[in-house]
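This report refers to the structure that appears directly beneath it.
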Amino acid sequence: MNRKSLYVLGAILIVLSMVLGSCAQATPEVEAPASEATEAPAAAETEAPAPAETEAPAETEAPPEVSPAGSTFIFGRGGDSVQLDPAIVTDGESFRVTGQCLEPLYQYEPGSTNPIPALAEKCTPNEDATEWTCNLRQGVKFHDGTDFNADAVLFNYERWRFTDNPYHFESQVFEYYGAMWGGFDDASIITSVEKMDDYTVKFILNAPLAPFLANLAMDMFAISSPAAIEQYGEDYGTPSAGCVGTGPFKFVEWVEGDHITIEANDDYWGGQPTVDQVIVRVIPDDSARFLALRAGDIHALEQAVVEDLQAAEDDPNLYILTRPALNTAYLAFNYKLEEFKDARVREAVAHAINRQGLVENFYGKYGEPAKNLLPPLVWGHNDSIEPFVYDPELSKQLLSDAGFPDGLSEVTVAEDMVDADGNVVFQAGDKLPLRLYYMPVTRFYYPSPKEIGEAMAADLANAGINVELYLEGDWPTYLGARRNGLLAGLYMLGWGGDNGDPDNFTGYFFGGLSSADAVQEPIQREGWYQNQDLAELLYEALVTPDQELRRPMYEQAEVLLHDDVARLWIAHNNTPLIFSTQISGYVAQPVGADLFEGVVVSP
């Protein structure tokens, strides 16, 4: 079954509206146009597939409804993409576009976290799941006319893995590869990718990898045209070059800070898209973005302020779909600050934040307070953990016990913090005002980041913790500072699941060991956090094939994080997407990029 057939089948099966999931408050939705809305699977646990052969079934579905000739779907968003080379980014706004143009070997079934064949027709493991043989789809072309084949797969995986590869540029960071495959070079769990013939490759691993197929399906492991990377070099993925893949849409143009345009790939192996062109527009202000929707300047948007969500529910020309809450907003600490090395100070912060109040005021009925990194919909979530209660007086007592009877307003740099070029940005011994870094863009886990930051600052002040709200530049700058461990204070960020497996949450942030006896260094991109016991547990969970054996490991990992007050988990959001009633056929994916190729734009 090709991607378009799966898409159509998914749209037929998931009619009405997307289910919020049993973990959330019941949330009535405005109905989408009949027989065209999409629905997520019921709120069951997401499970990693057993390491067995998977194949696409035969095609039987009828062709979908098609938009009028020359149709354009316009999606509004709060921030721009960082880059369109998915291998070197971590942000959803980049994947929102690359997911339309490039494809991995596997993909996710529409409306599900189940990995299914894409550019690979099937991948089959050996007995102990340390070798996977993948039969590739034949007759597929990249948008530049070159062939997709085994050489293209090897080119991409070797570029990502080997730090001395001529296209693994020193200026670029392949963060996801290192996190999901255990590191680079000899540290990688993938020890080799071998070409068996022009359309067969074999992955050889140094240990079983439970989420192997789920990892293959992730947006950042989509296959780019080797010829395009060779042509553009470091500029591949920038506005001047765009991206070149095999997907249902082709890159047209990128006007930074304004829009990205993609057009239908008429020769797409999975069938021609139902819409001719997609424009992804940047409208930073939340209210202006909603007004643009009501005015007909855009057809859809993700997330809105609570008041606009209510207005959308009452507007007969709009409808709302929700994406299940496979996400977590959090408040993180920088562990190169002396004060944050004391667990009592971290706990004081945890008791100072009124998470229930934040949810009520900024998420409405779509959100719920978090007490784990893992959302309730992901197996391994530990519901027995007691959340940190909102108690400003307890916060003050904890600060006093830690040596701050008059509260906390400045912090001390414990070790030098340097930038990517080795320049000292914050020197050991420096005294800094305690900053609360807020995000410069709306994301599905933080719908109004500045306003939420202001509310957090007020909560903290009420507990004797006085912070300076701080904006660290635009979105790429913010993410770069986080990656380099230079958000010197408290900082807001979040995570949306990429593959439905708990390793993509807990393992991504706090694992990273390449072997059972490896030693974890402080994790720069995670505020220099270090926890050897946690890292060893997460490695064991990663290489254990049996899900029922893995489950208690991830539950225990949540206990370790909670007891260490490693971070404060703020909220999970059943992300609302608002559409004009002109639009049908949109598939909101629980993980990965949403699917645009079946969108129908009615006159």
With the side chain counted from C-beta on, respond yes when Asn206 and Thr130 share a heavy-atom pair under 4.5 Å apart, and no when they do not.
-> no

Taking the side chain from Arg137 and the backbone from Glu121, do they hold a donor-acceptor pair closer than 3.5 Å?
-> no

Tell me, with the steps shown, if Glu103 and Ile223 meet side-chain contact (heavy atoms from CB on, under 4.5 Å).
-> CA-CA 6 Å; Glu103 300 173 296; Ile223 305 299; over 6 Å; no

Would you check if the side chain of Tyr108 reaches a backbone N or O of Asp498 as a donor-acceptor pair within less than 3.5 Å?
-> yes

Straight-line distance of Glu472 CD to Tyr438 OH, nearest 0.5 Å | 11.5 Å

Compare every heavy atom of Asp219 with every heavy atom of Gly99, then report the nearest pair and how far apart it is.
-> CA-OD1, 4.4 Å

Work out which heavy atom in Thr246 is nearest to a heavy atom in Phe148; give both atom names and the distance.
-> CG2-CB, 4.3 Å

When the ring planes of Tyr176 and Tyr508 are compared, do they come out parallel, tilted or perpendicular, using 30° and 60° as the limits?
-> tilted

Using the six-membered ring wherever Trp is involved, compare the ring planes of Tyr177 and Phe184 and label them parallel, tilted or perpendicular (cut-offs 30° and 60°).
-> parallel

Please answer whether the main-chain N or O of Phe444 pairs with a side-chain N or O of Asn573 as donor and acceptor at a distance below 3.5 Å.
-> yes

Is Asp147 salt-bridged to Lys141, going by a charged N under 4.0 Å from an acidic O?
-> yes

State, yes or no, whether a side-chain contact exists between Leu209 and Leu542 at a heavy-atom distance under 4.5 Å.
-> yes

If you take all heavy atoms of Gln589 and Ser112, which pair is closest and at what distance?
-> OE1-N, 4.1 Å

Kindly indicate whether the side chain of Asn504, heavy atoms from C-beta on, has any atom under 4.5 Å from the side chain of Met180.
-> yes

Phe73/Phe596 aromatic ring centres below 6.0 Å | yes

Quick check, are the ring centers of Trp160 and Phe221 under 6.0 angstrom apart?
-> yes

Are any side-chain N or O atoms of Asn149 and backbone N or O atoms of Ala152, one a donor and one an acceptor, separated by less than 3.5 Å?
-> yes

Heavy-atom pair of closest approach, residues Leu102 and Ala222 | CB-CB, 3.6 Å

With no hydrogens and no angle check, is any side-chain donor or acceptor of Thr274 less than 3.5 Å from a backbone partner on Glu597?
-> yes

Listing, residues 74-88 side-chain donor-acceptor contacts under 3.5 Å, not counting sequence neighbours, or none:
unit_1	atom_1	unit_2	atom_2	d
Arg77	NE	Gly79	O	3.3
Arg77	NH1	Ser81	OG	3.1
Arg77	NH1	Glu93	O	2.7
Arg77	NH1	Glu93	OE1	3.1
Arg77	NH2	Asp80	OD1	3.2
Arg77	NH2	Ser81	OG	3.1
Asp80	OD1	Trp254	NE1	3.3
Asp80	OD2	Trp254	NE1	3.1
Asp80	OD2	Gly257	N	2.6
Ser81	OG	Glu93	O	2.8
Gln83	OE1	Asp85	N	2.7
Gln83	NE2	Tyr236	O	3.1
Asp85	OD1	Ala87	N	3.2
Asp85	OD2	Arg159	NH1	3.1
Asp85	OD2	Arg159	NH2	2.7

Heavy atoms of Leu493 and Tyr478 approach each other most closely as CD1-CE2, 3.7 Å

Could you go through the side-chain contact (heavy atoms from CB on, under 4.5 Å) check for Trp269 and Leu119 one step at a time?
-> CA-CA 10 Å; Trp269 64 266; Leu119 289 179; 3.9 Å; yes

N/O donor-acceptor pair under 3.5 Å between Thr191 side chain and Ile204 backbone | yes

Flag side-chain contact, heavy atom, 4.5 Å: Leu216 against Pro115 | no

Can you tell if the side chain of Pro576 reaches within under 4.5 Å of the side chain of Gln303, non-hydrogen atoms only?
-> yes

Once you round to the nearest 0.5 Å, how far does CD of Glu131 lie from CD of Glu194?
-> 7.5 Å

Stepwise side-chain contact (heavy atoms from CB on, under 4.5 Å) test for Arg482 and Arg525 = CA-CA 6 Å; Arg482 167 257 175 191; Arg525 60 178 165 78; 3.9 Å; yes

What distance separates Lys250 NZ from Thr261 OG1, expressed to the nearest 0.5 Å?
-> 14.0 Å

Check: Tyr554 and His381 side chains under 4.5 Å, non-hydrogen atoms = no

Could Glu526 and Arg567 be called an ion pair, given the rule that one side-chain N must be under 4.0 Å from one carboxylate O?
-> yes

Please confirm whether the backbone N or O of His143 pairs with a side-chain atom of Asn265, one donor and one acceptor, at under 3.5 Å?
-> no

Between Arg161 and Tyr157: side-chain donor-acceptor atoms closer than 3.5 Å | no

Closest approach of Phe249 and Ile262, non-hydrogen atoms and distance?
-> CB-CD1, 3.7 Å

Within a strict 4.5 Å, meaning less than it, do heavy atoms of the Val201 and Trp132 side chains meet?
-> no

Do side-chain atoms of Arg323 reach the backbone of Ala588 as a donor and acceptor pair under 3.5 angstrom?
-> no

Between Asn499 and Ala217, is there a donor-acceptor pair closer than 3.5 Å when you use the side chain of the first and the backbone of the second?
-> no

Are Phe174 and His168 close enough that their ring centres sit under 6.0 Å apart?
-> yes

Start with the C-alpha gap between Cys243 and Cys101, add the side-chain angles, then the distance that decides, and say whether disulfide bond (SG atoms under 2.5 Å apart) holds.
-> CA-CA 7 Å; Cys243 56; Cys101 301; 4.1 Å; no

Taken to the nearest 0.5 Å, the spacing of Leu374 CG from Thr328 OG1 works out to 7.5 Å

If we only count heavy atoms from C-beta on, is the Val275 to Thr72 side-chain gap below 4.5 Å?
-> no

Does the Asn135 side chain pair with the main chain of Thr200, one donor and one acceptor, at a distance under 3.5 Å?
-> no

Ring center gap for Trp181 and Phe203 short of 6.0 angstrom = no

Look up atom OG1 in Thr322 and atom OH in Tyr366, then write down how far apart they are to the nearest 0.5 Å.
-> 7.5 Å

Assess the side chains of Ser240 and Asp235: does a donor N or O sit below 3.5 Å from an acceptor N or O?
-> no

Sub-6.0 Å ring centroid separation between Phe155 and Tyr167 | yes

How many angstroms lie between CZ in Phe95 and OG1 in Thr90, if you round to the nearest 0.5 Å?
-> 6.5 Å

